[in-house]
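Okay, so here's the structure we're looking at.
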Amino acid sequence: MSNQLVVHNSLTRQKEVFKPINEGAIGMYVCGPTVYSDVHLGNCRTFVSFDTIYRYLLHLGYSVRYVRNITDVGHLVGDADSDAEDKISKKARLEQLEPMEIVQKYMNGFHDMMKIFNTLPPNIEPRATGHIVEQIEMVQQILDNGLAYEKNGSVYFNTIKFAEQSDVYGQLSGKKLDDLMVETRDLKNQSEKNHPSDFAIWIKAAPEHIMRWNSPWSVGFPGWHLECSAMSTKYLGNNFDIHGGGGDLKFPHHENEIAQNHGACNCSPANYWLHTNMLLMNGKKMSKSDGNSITPQQLFTGDSEHISKGYSPMMLRFFMLQSHYRSTLDLTDDALLAAEKGYRRLMDANKALAAMTHPGKGSAGDLDKEIQTLIAGVSSEMSDDFNCPKALAKIFELVTKVNGLKAGHLSFDEVTAETFEQIKATFQLYIFDIFGLKDDAQAAGGDNSKMDGLMELVIDMRATARTNKDWGTSDKIRDTLQALKIKLKDGKDGTEWTVE
RNA sequence: GGUUGGGUGGCCGAGCGGCUAGGCAGUGGUCUGCAAAACCUCGUACGGCGGUUCAAAUCCGCUCCCAACCUCCA
């Protein structure tokens with residue numbers, strides 16, 4: 001298998017060889033959250049997925065400019081033409097806070113959660129409210145190009161005219177304007193629009209609307225879709241490499257975004273569109289608005305009717321890694337329980353591997369070849385549209401080899417020292433640097449020197465008891481530690497311990 | 001109704017024309033004072049019905065289910 005990067009492009013619905021516009025550099029824009037309430041787990045899955053993609057692109061040697069916005073205005077509750085209300089200002093009224101206070105509060109929470117999930121921060125995290133000028137300019141450009149019209153201080157994108165000029169509109173979502181017309185016929189309050197599929201790019205603010213800016217058309221605020229067009233253009237240019245986001249944004253958000261960019265500069269924003277699939281809970285989309293969701297905190301503490309216990313953030317990241325980013329992932333307690341054991345198996349093997357040394361003598365036998373094939377497989381799977389589950393599978397096969405070497409079932413004679421070092425390097429690179437995992441147990445250990453010394457003493461005492469066949473003492477030590485979530489493993493070379 | 005994507009063994013989840021996915025659970029062993037861990041071993045699959053092919057979970061047709069989007073959502 002060749003190792004050139006292949007990605008699935010939502011625009012063409014097929015895998016394509018990835019070629020950056022500028023050799024060695026990548027511009028990537030990912031739609032960030034609307035900060036009007038706490039992030040939920042579904043959001044996290046998308047950003048963890050793109051974090052892994054970002055990390056892999058960096059590993060491949062690209063210099064990546066990763067832009068992920070914060071939506072702090074313009075995102076509407078209800079219909080844009082009627083009783084439309086900005087999500088942020090609605091929440092501000094409910095909580096009796098300034099809109100920017102709301103934004104700050106939930107943006108902080110979002111950043112904390114991204115840190116907890118060990119995601120790397122984007123290079124630029126622009127906010128919609130900080131780019132009103134750019135958005136107004138873009139509205140003007142679209143108007144100048146005749147692809148928008150003003151009605152009572154609001155400006156609408158003319159989808160009909162755009163569709164007549166090119167066949168771009170609907171390409172991403174597979175929708176046709178004719179269908180859209182039929183679908184939206186029943187919607188009320190469409191009076192301002194020329195056509196039901198047209199969408200607002202500037203909205204005149206109602207008197208009670210708090211977040212408002214002056215513009216050539218009215219005191220108002222930008223349409224939701226506009227911010228991403230304006231900010232991606234500002235920081236990545238008219239045409240850039242990757243645009244990502246959750247699959248639920250394909251339509252209308254991304255479709256309209258493409259239309260706006262074409263409307264403004266007659267250019268296609270991104271070459272590759274990547275969409276992550278939804279996180280489900282009990283077979284249904286996890287969603288803030290319909291209540292079918294669980295907060296990350298609840299998952300960590302286990303305080304939810306949906307789960308039997310708490311799960312660590314890194315375990316959850318591992319859980320997400322086990323499925324492909326383009327597949328839905330169903331969150332169930334059984335699946336989490338199974339993943340947790342797998343996660344421990346992986347981490348324990350890595351810990352064991354780190355402590356192992358190659359005896360020095362060893363030739364390239366069949367085992368060596370097998371290991372080399374597995375190592376090569378890890379990267380080729382990742383280069384095949386970031387196939388984390390398959391790359392992980394290869395690593396688990398390596399885990400078996402490592403454990404076999406450790407237990408003596410496999411011989412170092414058949415493995416060269418170089419190959420053995422490559423296993424170590426591969427584990428470090430993929431598990432930690434690219435998959436972005438951390439070993440919870442090690443992190444939880446805290447002040448290790450005291451703990452290590454203490455455990456050494458206890459294990460030594462137990463060993464003495466065992467030598468004396470004092471099983472009562474021996475088992476008491478083991479059971480007591482088990483109750484403290486410290487697990488002992490008796491191996492050939494003595495006893496090891498891990499914190500659960 | 002339209003659009004997009006799915007239905008894989010007890011569970012999760014890859015694969016998408018011939019080649020063991022992987023994790024968890026289960027079977028029988030090895031090891032061990034016992035247990036755990038680890039290693040070896042063995043089962044249980046590709047919604048249904050047709051078709052193409054030397055060969056289909058993988059391609060085509062029909063059919064039945066499911067999800068997402070079409071209204072804010074990652």
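As the structure is a prediction and not an experimental result, all values here were calculated from the model. Chain letters run A, B, ... following the sequence lines, proteins first and then strands; every chain starts at 1.
Between A:N387 and B:G15 there is a side-chain N or O to OP1 or OP2 distance below 4.0 Å. Considering only side-chain N and O atoms, A:S327 lies under 4.0 angstrom from the phosphate OP1 or OP2 of B:A14. Note on A:N403: every side-chain N or O is 4.0 Å or more away from OP1 and OP2 of B:A38. Contact between the side-chain N/O atoms of A:K175 and the OP1/OP2 oxygens of B:U4 is not found at any separation under 4.0 Å.
Taking the six-membered ring where tryptophan is involved, the planes of A:F157 and A:F162 are perpendicular, since the angle between them exceeds 60° and thus also 30°.
Not counting sequence neighbours, A:F319 has no partner by the ring-ring contact (aromatic ring centres under 6.0 Å, His included) test. Residues that satisfy the side-chain contact (heavy atoms from CB on, under 4.5 Å) test with A:F300, not counting sequence neighbours, are A:M113, A:I116, A:F117, A:P296, A:P313, A:L316. Listed by chain and residue number, nothing satisfies the ring-ring contact (aromatic ring centres under 6.0 Å, His included) test with A:Y311 (two or more places apart in sequence, or in another chain). In this structure, the side-chain contact (heavy atoms from CB on, under 4.5 Å) partners of A:T495, at least two apart in sequence or on a different chain, are A:I459, A:R462, A:R466, A:L488, A:D490. Remark: A:D385 pairs with A:V7, A:H8, A:K15, A:H324, A:Y325, A:R326 by the side-chain contact (heavy atoms from CB on, under 4.5 Å) rule, at least two apart or across chains. Scanning for salt bridge (Lys or Arg N to Asp or Glu O under 4.0 Å) contacts around A:D112 gives an empty result, with sequence neighbours left out. A:Y54 meets the ring-ring contact (aromatic ring centres under 6.0 Å, His included) test with A:Y66; sequence neighbours excluded. Under the ring-ring contact (aromatic ring centres under 6.0 Å, His included) criterion, A:Y272 pairs with A:F18, sequence neighbours left out. Evaluation of the side-chain contact (heavy atoms from CB on, under 4.5 Å) rule for A:M461 yields A:L457 as partners, not counting sequence neighbours.
Spacing between atom CZ of A:R326 and atom C1' of B:A74 amounts to 17 Å, rounded to whole angstrom units. The interatomic distance linking A:M278 (CE) with B:C66 (C1') rounds to 16 Å, in whole Å. B:G5 atom C1' lies 14 Å from atom CG of A:D385, rounded to whole Å. Atom P of nucleotide B:A14 and atom CZ of A:F319 are separated by 10 Å, given to the nearest angstrom. Atom NE2 of A:H324 is separated from atom C1' of B:G5 by 13 Å (rounded to the nearest Å). As a whole-Å value, the separation of A:R13 CZ from B:G6 C1' is 15 Å. In this structure, A:M281 atom CE and B:A74 atom C1' are separated by 15 Å, rounded to whole Å. Separating the CH2 atom of A:W273 from the P atom of B:U4 is a distance of 18 Å, rounded to the nearest angstrom.
No contact: A:K406 has no heavy atom under 4.0 Å from any strand. Note on A:G245: only backbone sugar-phosphate atoms sit closer than 4.0 angstrom, heavy atoms only; bases stay farther off. When heavy atoms are screened at a 4.0 angstrom cut-off, A:G408 is found touching no nucleic acid atom at all. Among the protein residues, A:H275 comes within range of no part of the nucleic acid, since none of its heavy atoms lies under 4.0 Å from any strand. Among the heavy atoms of the strands, none lies under 4.0 Å from A:L336. As judged by a 4.0 angstrom heavy-atom cut-off over every strand, A:G32 is placed among residues touching the sugar-phosphate backbone only.
Spacing of C1' atoms, B:A14 relative to B:G51, comes out at 28 Å, to the nearest Å. Rounded to a whole angstrom, the distance from the P atom of B:C12 to that of B:C49 is 23 Å. Taking atom P on both B:A74 and B:A56, the two are 45 Å apart, rounded to the nearest angstrom. Nucleotides B:U44 and B:G9, compared at atom P, are 13 Å apart to the nearest Å. Nucleotides B:U4 and B:A45 have their C1' atoms positioned 27 Å apart, rounded to a whole Å. Comparing B:A67 with B:C54, their P atoms are spaced 40 Å from each other, to the whole Å. Look at the P atom in both B:C31 and B:A36: the space between them is 15 Å, to the nearest Å. Across B:A25 and B:U63, the matching C1' atoms stand 34 Å from one another, rounded to whole Å.
At least one cation-pi condition fails for A:R68 and A:F50: the charged atom is not both under 6.0 angstrom from the six-membered ring centre and inside a 45 degree cone around its axis.
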Anything under 3.5 Å between a protein N or O and an N or O of nucleotides 20-29 of chain B, put it in a table, one pair a line.
unit_1: B:A25; atom_1: OP1; unit_2: A:K341; atom_2: NZ; d: 3.2

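B:G10 adopts an anti glycosidic conformation, its chi angle falling more than 90° from 0.
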Reading 5' to 3' through nucleotides 30-36 of chain B, protein heavy-atom contacts under 4.0 Å coded B for base, S for sugar-phosphate only, - for none: -S-BBBB
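Between the side chains of A:T328 and A:D330, no donor N or O sits under 3.5 Å from an acceptor N or O.
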Bracket string, RNA chain B, 5' to 3' - pairs by Watson-Crick or G-U geometry under 3.5 Å, | interstrand: (((((((..(((.....[...))).(.(((.......))).)....(((((..]....))))))))))))....
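Nearest to the side-chain atoms of A:T46 among the listed nucleotides B:A14, B:A74, B:A38 stands B:A74.
A residue-by-residue look at A:T332 and A:L172 shows that A:L172 has its nearest nucleotide of RNA chain B further toward the 5' end.
Between A:K351 and A:E496 there is no salt bridge, since no side-chain nitrogen of the basic residue lies less than 4.0 Å from a carboxylate oxygen of the acidic one.
Counting non-hydrogen atoms of other residues, nucleotides and ligands closer than 6.0 Å to CD of A:Q482 gives a total above 12.
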